[in-house]
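Structure, as structure tokens:
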Amino acid sequence: NLSDRLQAVFAKLTSRGVLSEADVDAAMREVRMALLEADVNFKTVKEFVARVRERAVGQEVMKSLTPGQMVVKIVLEELTALMGTSESRLVFSGRLPAVVMLVGLQGSGKTTVAAKLANLLRKQGKSPLLVACDVYRPAAIDQLEALGSQLGIPVYRGEATDVVAIAEAGVKDAIARMRDVVIVDTAGRLHVDEEMMAEAAALKAALRPDQVLMVIDAMTGQDAVNAATAFAERVDFDGVIVSKLDGDARGGAALSVRAVTGRPIKFAGVGEKLDALEPFHPERMAKRILG
Amino acid sequence: LLRKGPDLDQAFWEDLEDALLQADMGALATSEMVDRLRDLAAREALPDAEAVIDRIQSEIAAEVASDRPDPFGAPPVTVLVVGVNGTGKTTSVGKLAKSLSEAGNRVVIGSGDTFRAAAIEQLRVWAERADVPVVERPHGSDPAAVVFDTLEAAKQRGADTVLIDTAGRLHTSADLMLELAKVKRIAERESPFPVRVVLVMDATTGQNGLVQAREFDRALGLDGIVLTKLDGTARGGIVVAVARELGVPIVRIGVGEGADDLEPFDPGAFAQAIVG
Ligand SMILES: Nc1nc2c(ncn2[C@@H]2O[C@H](COP(=O)(O)OP(=O)(O)OP(=O)(O)O)[C@@H](O)[C@H]2O)c(=O)[nH]1
Ligand SMILES: Nc1nc2c(ncn2[C@@H]2O[C@H](COP(=O)(O)OP(=O)(O)OP(=O)(O)O)[C@@H](O)[C@H]2O)c(=O)[nH]1
Ligand SMILES: [Mg+2]
Ligand SMILES: [Mg+2]
């Protein structure tokens, strides 16, 4: 891991307090490699290493008995700061019903997250309604209905193929049935699919959601920033949910998306079961990325 | 890269490195490749940027090319389609069923994901699109039992291509990997012809893709990879490391959500998309 690799770099130091430019270069190369191996975006890594270097040539490392450990401490601090504070609450405007809309690339975990969120909100005393706006994927609506049925949470499915019409009817249904939060599941889409991105933007404009959340797969590599940037520009989301964190992907994509879009990570999906949704822990994520 | 000018200046090498990293080639593989090319250029074995790019393209293409057989290429065969959650297995089974059936194979599908909500319903739609029979058991059944029934049906129908969809699972789940190994054993016991295993990988996957391939290969033995979602901006560069370490051939690519969006794998095109 990075700790061991930095120790090896600094092991060759013969006298304490005399770190050369070359020593710092070697240490920064190790930090860079570790972050790239963890799937942090290559641009984010450049900026991050530049910041760490600034601190690495400062007193705290130069005067340290264990410069390698000091650099690891700095990296962890900077990563945690970059991950942001944990704000795993969903802020609603007060208008009823509140609306949460989920977006993201194909297969990221949106439909599962929709059900998990409904489950969580119900535990918090809300009465959610799930709305099925994926009219493309075979049996997508059946999937959401099956999950809703497992939880005993109602699912609205429309007749139309126009997702705006379905969503608006879903909100009316929530009002009629006195449900106080609507969770809208949408189809997976590519950020380069102009028609589908226009659909997402139109759906958001019609619904004026309290929260638009982008679901991102923890194993996503460099492409996470391409997708997140495009979704931020075209649809604009309020927060991120990172899914499949129960695996062993390091999850650097989460850091990059946060760094590049500034949007907070709200929750972590940690399994296929419908209670497998946790608040996001920035320091835990930072440690995981460091390996 | 070439548009920035013909010279091999620092900016060129940095841009080249960025292109390889962006494609998910990985930090170590990227620096090895770039260092080696810089050395060749310095010794004047490579005159300009165009020469460097051509060289990298042919190296990448050579790494991912394979002369191992296409598991779908020589029926009769039973293929287990496996992989982590959400990569495109069910969709790829549907696409494969259609193209193989159109090519004259007698295809039967086994609905082996008895776990996830509406997985059976999803595959049923694909089987209809491909106009291929699908064998099912109720949700919650033992997937090995579905494999058994599917192979019985295949024998009765004189099928020569059996495609088994399986539930997505993380390689970190020991129980689920054991379940899959059992499914393969049942397939080998009941299949009148060879059983192959194909891993479906998502092109957006980063370095974890190598771990996935390693673990699925260790548990089951892999005969091929289908790389999906190449119609996005991800390049799937992690398969270079997979090819290098495990030698598993990439046998198809997924380029969309439609029934015909499956193509043969072209190493040259793959390399060109990374450093074009
Ligand atoms: N292990 C694990 N699997 C998950 C998690 N979240 C979702 N999944 C699985 O990932 C797969 C895809 O989940 P879906 O909810 O269908 O993903 P989606 O984003 O709705 O997919 P599309 O609608 O096709 O874009 C399913 O097999 C889920 O069970 C998670 O946190 N951990
Ligand atoms: N753009 C694009 N989307 C794809 C491709 N292949 C699959 N998909 C989409 O990816 C999503 C997941 O596909 P599935 O076939 O359900 O994936 P899976 O591996 O069977 O998922 P689980 O069974 O839940 O593990 C769906 O929305 C598919 O339409 C592809 O080549 N390109
Ligand atoms: Mg979905
Ligand atoms: Mg599936």
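Per chain, numbering begins at 1; letters A, B, ... match sequence-line order.
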Quick one: which of [options] has the most heavy-atom pairs under 4.5 Å with chain B, could you say?
options: A/A38, A/G107, A/S243; result: A/G107
options: A/D193, A/V45, A/L190, A/D223; result: A/D223
options: A/E145, A/H191, A/E37; result: A/H191
options: A/D248, A/L144, A/L35; result: A/D248
options: A/D217, A/V225, A/D246, A/T111; result: A/D246

[X]-[Y] side chain donor-acceptor pair, cut-off 3.5 Å:
X: B/T90; Y: B/D165; result: yes
X: A/D275; Y: A/N119; result: no
X: B/E257; Y: A/Q106; result: yes
X: B/D18; Y: B/Q22; result: no

Output yes when [X] and [Y] qualify as a salt bridge under the 4.0 Å nitrogen-oxygen rule, no when they do not.
X: B/R169; Y: B/E179; answer: yes
X: B/K229; Y: B/D202; answer: yes
X: B/K98; Y: B/D131; answer: no

Does any backbone or side-chain atom of [X] lie under 4.5 Å from a heavy atom of chain B? Answer side chain, backbone, both or neither.
X: A/E272; result: side chain
X: A/K43; result: neither
X: A/R137; result: side chain
X: A/N41; result: neither
X: A/D142; result: both
X: A/L36; result: both

| query | Counting heavy atoms not belonging to B/Q10, are there more than 12 under 6.0 Å from its CD? | reply |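 Yes.
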Which answer fits [X], side chain, backbone, both or neither, if we ask what part of it has an atom under 4.5 Å from a heavy atom of chain A?
X: B/I238; value: neither
X: B/R129; value: side chain
X: B/R116; value: side chain

If you tally heavy-atom pairs under 4.5 Å against chain A, which of [options] wins?
options: B/V84, B/T228, B/L170; value: B/L170
options: B/T233, B/L21, B/V211; value: B/T233
options: B/N85, B/T30, B/V125; value: B/N85

| note | On a heavy-atom basis, the closest approach of B/F115 and B/H139 is O-NE2, 2.7 Å
| said: On a heavy-atom basis, which atom in A/T261 and which in A/A232 lie closest, and how many Å separate them? | reply: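 Result for this residue pair: CG2-CB, 4.3 Å.
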| task | Please name the residue in the list B/V93, B/I250, B/V200 that meets the side chain to side chain contact (heavy atoms under 4.5 Å, CB included) test with B/V226. | result | B/V200
